[in-house]
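Below is one structure, written out as structure tokens; the observations come after it.
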Amino acid sequence: MFVLVDKASGGVYAVKDDTTVERVVQLFQEEDDAVRYHEYLIAADYERELIITPCDEQQVKDNCASFGYVYTVIKPTDIVYPPSELD
């Protein structure tokens, strides 16, 4: 599993769900998918510098529960793009 992490703060990147206004951490099963998503963010001029980091799935899930975030697992068959308005 892989997540995007803010290089400066060490915080995990999360997308705001416009429907529920929750923050959603994306867990990528494949590094290539995390790389692709990261490249989309760069192309969209996302202002923070992110790095792709391997992670323990259960630890991320536990942290999400502790901090009030939700998570989603991005499978190789999923196609995800950053939101049109980036935070």
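Worth saying up front: this structure is predicted, and the values here are computed from it rather than measured.
- With sequence neighbours left out, Glu31 forms a side chain to side chain donor-acceptor pair (under 3.5 Å) with no residue at all.
- The existence of a salt bridge linking Asp78 and Lys75 is excluded, since no basic side-chain nitrogen approaches an acidic carboxylate oxygen closer than 4.0 Å.
- Between Tyr46 and Tyr13, the ring planes lie perpendicular to each other; the angle is over 60°, past the 30° to 60° tilted range.
- Residue pairs meeting the ring-ring contact (aromatic ring centres under 6.0 Å, His included) criterion with at least one member in residues 48-74, sequence neighbours excluded, do not occur.
- Residues forming a side chain to side chain contact (heavy atoms under 4.5 Å, CB included) with Glu39 (at least two apart in sequence, or on another chain): Val35.
- Interatomic distance, CG of Leu4 versus CD1 of Ile52, reported as 6.0 Å (0.5 Å rounding).
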What do the steps show when you test Val5 against Leu50 for side chain to side chain contact (heavy atoms under 4.5 Å, CB included), and what is the final call? CA-CA 5 Å; Val5 175; Leu50 301 173; over 6 Å; no
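- Atom-to-atom distance recorded for Ile74:CD1 and Ile79:CD1 is 11.5 Å, nearest 0.5 angstrom.
- By the criterion of side-chain heavy atoms lying less than 4.5 angstrom apart, applied directly or through intervening Ile, Leu, Val, Met, Phe, Trp or Tyr residues, Met1 is grouped together with Val25 in one hydrophobic cluster.
- With sequence neighbours excluded, the residues satisfying side chain to side chain donor-acceptor pair (under 3.5 Å) with Asp62 are Gln58.
- Taking the side chain as every heavy atom from C-beta outward, Gln29 and Pro76 approach each other to under 4.5 Å.
- Hydrophobic cluster membership of Val24, counting Ile, Leu, Val, Met, Phe, Trp and Tyr whose side-chain heavy atoms lie under 4.5 Å apart directly or via other members: Val70.
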Set out, in order, the CA-CA distance, both residues' side-chain angles and the distance that settles side chain to side chain contact (heavy atoms under 4.5 Å, CB included) for Leu27 and Val3, then state yes or no. CA-CA 5 Å; Leu27 290 161; Val3 291; 3.6 Å; yes
Show the numbers, then the answer: is there a side chain to side chain contact (heavy atoms under 4.5 Å, CB included) between Val80 and Phe28? CA-CA 10 Å; Val80 292; Phe28 294 89; 4.1 Å; yes
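- For Pro54, the side chain to side chain contact (heavy atoms under 4.5 Å, CB included) test picks out Phe2, with sequence neighbours left out.
- When the side chain to side chain contact (heavy atoms under 4.5 Å, CB included) test is applied to Glu49, the partners found at least two apart in sequence or on another chain are Lys7.
- When each of Gln26, Glu22, Arg23 is checked for a side chain to side chain contact (heavy atoms under 4.5 Å, CB included) with Val15, only Gln26 meets the rule.
- Using a 4.5 Å cut-off on side-chain heavy atoms (C-beta onward), Val12 and Val60 make no contact.
- Checked against side chain to side chain donor-acceptor pair (under 3.5 Å), Lys61 has the following partners two or more places apart in sequence or in another chain: Glu57.
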